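Remember, predicted model here, so these are calculated numbers, not experimental data.
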Amino acid sequence: MGLLSDPNRRKALTGLLTRLNTPICGMPVEWLVKAMQSRGLEVFTQSFSRKLPFPDENKERYMVRGTNVYGILRAPRAPRTEALVITAPCSPGNTNNQAVALLLALAQYFRNQIYWAKDIIFLVNEHDLIGTQAWLEGYHHTNITGMEYSPLQGRAGSIQAALSLELSSDVITSLDLVLEGLNGQLPNLDLANLFYAFCQKLGVLCTIQGKLQRNDWDTAEGYTHAAQTMMLMVLKQACGRSWGDHGLFLRYHIEAASVRGINSFRHYKTDATTIGRLLEGMVRKLNNLLERLHQSYFFYLLPSLSRFVSIGYYMPAFGLLAVILLLRALDLWVHLGAPALAAVDGVTEPSSPGVLTVLTPVVISHLTGVALYLLPVHLQEMAVEHFPVSETEAVVLTAIAIYTAGLALPHNTQRLLSGEGTEQGWKVLKLTALLYLAVLLGCTALINFSLGFILAVTLVPITASITPHMPKALYAVVMVLLSPAFTILYCVFIYQELIEAPVSVSEGWMLFLSVISQGILDHALYGSLVYPLLALFIYPCWLMFWNILFWN
Amino acid sequence: KTVCDLNLSSVLMNSNLVHRADSFFLATKMAAPLTLLLIVAVTIRAVLFRSSWAELISERVEVVSPLNAWKRVVEGLALLDLGVSPYSGDVFHETPFMIYLFHFVVDYAEIVFMVSPDLVFCLSRFLTSLKQKYALESDRYPADCLELLRSPKEMFYIPLKVAMFYLLNPFTILSCVAKSTCGLNNAIIALFILCTLKGSALLSGILLALATYQSIYPLTLFAPALLFFLQRLYIPVNLRRSSFWFFTLQYAFIYVGSLVVITGLSFFLLGSWDFIPSVYGFIFSVPDLTPNIGLFWYFFAEMFEHFRLFFICVFQINVFFYTIPLSIKLKEHPVFLIFMQIAIISIFKSYPTVGDVALYMAFLPAWSHLYRFLRNIFLVSCVLLACSALFPVLWHLWIYAGSANSNFYYAITLLFNFGQILLVSDYFYAYLRREHHLTHGLYLKKKDGTEATLVLK
């Protein structure tokens, strides 16, 4: 009754785990194919290759090649229209050596059951996210990221849900649930509830963001704990990368979550059998679904696994921030309209500033943004020739250099414009920039709320209050400290504080550089939108306000 | 380069047609900024045509509708080449004239779509010449209203502004790059307005018939065109006068006759009456409920079959209904009436796209003198700007991410149409208010000497 009550199966699982305890170089494709075939699955492989725009620290090479292996367990009675996916990334070394074993044990157990109504695909992918992306693109016949892959030979119908396993040891103390996907997309909350329900039923300790839940909600410590958990989720969602292999499934409208086993210093350990039973329960529940998960929320924040903050609570907070910008814009509009009545008295004020005074800073700011987006990757060979840095460092340092060079723009554009700075000019520019920022933040918050909110919190106060008549040195420093790049730096430090691994300034700086390179890489490899949004829209908008500060 | 020459030659040709010396002077003085504008507009369109964005734009539902998508034109052409009626299969909903036009110029489609906007701003010249009439009659108005009238210097730049508003409008650029036939429909309507303002009733009637043949809604432009000709020929609008009926019957005869001839020609082109249910039946009965920026799709997706006919009638009558009250109110101002009618058609038609919106927005600079009476312009601009940005975002969230649903997209559609309606009604209020000031004086005082406020009832 249940998984592994049969002693023979338990022995087989232990044997597998022992064998997989030894580190594996690369992926044992033939062994996996044989193992899956012996368990009665239809096995197929897919090879893929991808040229990285620049080698990152993990891969250390330009070209990444790999093979995905997947086996399909056909549903015995139902028509083959729907499927579920259970995936375990196969990374070299010890990082995920037990998950594949658990996958194979599950496959063997599932094969003997008759209640499956959907096909189950057991996927073992190489190179984590790149392999998953190649498999998904092959499955759905799309090519959105420029990956080269061999077409999939076997298919199983439309995928309803997916689970990703990450297990590094054969006994664990707790299971961590990872929900944040690419571009801050989240699976349906029902999936998180499902996981939590099964953890409670089987008595497994479960965490979210690596933090345990507390039961004292009304004390101050309980509240801060929940707030910290929620802040961690906000920071993870804002950076727009997929924090587990499940993140790439969400883009194809497949509800997916990652389950990560954590082995820490506790007395009570859970063995692989219980994890298997938990996964079996979850997969059986997903098997019984009549339609895709859509009943619960897609937009939420989790301060713990048993409580959530829905969009109806957090969106008004953002709305109020955006209203500040709109009210300031309305105020400027009224002031700009007022001189039309004062002009009757014969005040010698030009009726409206030339379009060129407003258009020039806008165009130049956006050209700088385009430079920030395109040049770091394209100029890396030139930078590596002239400076003793690696490619990754070249890309990141070029980005930072262009960002800093943009700060010098206002002084130069004013020289070009032959002293056209009028009182009306900066007001019109500020009106345009405020409306632009409001629309931009609104669109960002709809797609990725955390990113929109963090940008709003740092940008709205200073941009709403900036005028050329303030003490320039002080406000220049404040503006630079609240610019997007520094926001990323603060987020890095806050994140490290919240996961209880605080870093020193130099380590934080190295982390910041790696975050930038990861952001550029994510955009090139998976289509993450954070880097182009910041470089092409937020940074030019910030530059326009910087221009206003230095309006002469 | 050839396109630029085409455009420039059409511009110069048109300027030669004008038989006023001062207009010729205006044209030569404006040639340089106009050419610059044309070069910029053509460059933007050419760059976008060649980039990978062209395919993306031609599939956006806000830019193309089932009536004017290029994909469907190609489909219809393919069916025609195979000898099958292009209207079989409910894919193609263009008129036979359109299919034969593209049969011959399909290789030069991009050039055709780029030349058609020029026709729109050629008419702006004649709007200017019309407005000059006001300046000459300044002695008719009270003294303090002189500031309400426009000086020739202000009106000098209106054609350039109209051209800029149309050619550089992102809506027009998107519509052109998507190769939507909406641009050609706009060109026909612009030519119709041009001929009406020039005073040629025959050409105006023929072009109006062509515009009605393309999509039925320009039928409502019959009334303003008629009013314009009556005003121009100094025939008073009096139902008892025989001269009124004489001219009306003449114009109606030209219009209906051309329509009959064009429809008959279409029959002979394709040899069957298939195009009537496919084109006009499609426009009226709205069977295709693909989301667009209009108001029909969501409503009829939720509608029960039992009530469908009733609500179709209600929605379609809504487009034609405003003609009579507006004609009565604006019978002395037919040019503004044309603008209002075009705006109402763009908002309430069954398959609107951003190209229709761009057409009436191009005429806004012609009424820049109403700016001081507009009350809601900030709100309207913010709403239209925000909605244009939110359309693709909410489409992505609905169709691709699966996190939103059709309600989100329809909310933005409703907000966009609300913004447009507010814009049109604001301009209507401003126009009426200016007319009131012109007759009663600018700084109105109540009987006890305090300043009066005007309320639109």
Looking at [options], which one has more heavy-atom pairs under 4.5 Å with chain B than the rest?
options	answer
A:Tyr252, A:Tyr297, A:Phe299	A:Phe299
A:Leu440, A:Leu330, A:Leu186, A:Leu435	A:Leu330
A:Asn188, A:Val439, A:Leu446, A:Asn183	A:Leu446

Discussion item. For B:Phe391, which atoms come within 4.5 Å of any heavy atom of chain A: side chain, backbone, both, or neither?
Written reply: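 Neither; nothing under 4.5 Å.
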Fill in: Atom group of A:Ala438 that falls short of 4.5 Å from chain B, counting heavy atoms
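Contact with chain B: none, neither part.
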Worksheet entry | Members of residues 404-420 of chain B whose heavy atoms come closer than 4.5 Å to chain A |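 If one takes a 4.5 Å heavy-atom cut-off, no residue of residues 404-420 of chain B lies near chain A.
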Fill in: Beyond-backbone contact of B:Phe378 with A:Leu431, side-chain heavy atoms, under 4.5 angstrom
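Result yes, sub-4.5 Å side-chain heavy-atom pair found.
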Worksheet item: To the nearest 0.5 Å, how far apart are OG in B:Ser403 and NE2 in A:His294?
Response: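 Taking OG in B:Ser403 and NE2 in A:His294, the distance rounds to 13.5 Å.
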Worksheet entry | Straight-line distance of A:Leu326 CG to B:Cys382 SG, nearest 0.5 Å |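 Separation between the atoms: 6.0 Å.
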Practice prompt. For chain B, find its close neighbours in residues 529-539 of chain A: heavy-atom separation under 4.5 Å, sorted by number, or none.
Written response: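 Expected list: none.
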Worksheet item: Does the side chain to side chain contact (heavy atoms under 4.5 Å, CB included) test come out yes or no for B:Ile377 and A:Trp333, once each step is laid out?
Response: CA-CA 10 Å; B:Ile377 195 71; A:Trp333 175 265; 3.4 Å; yes
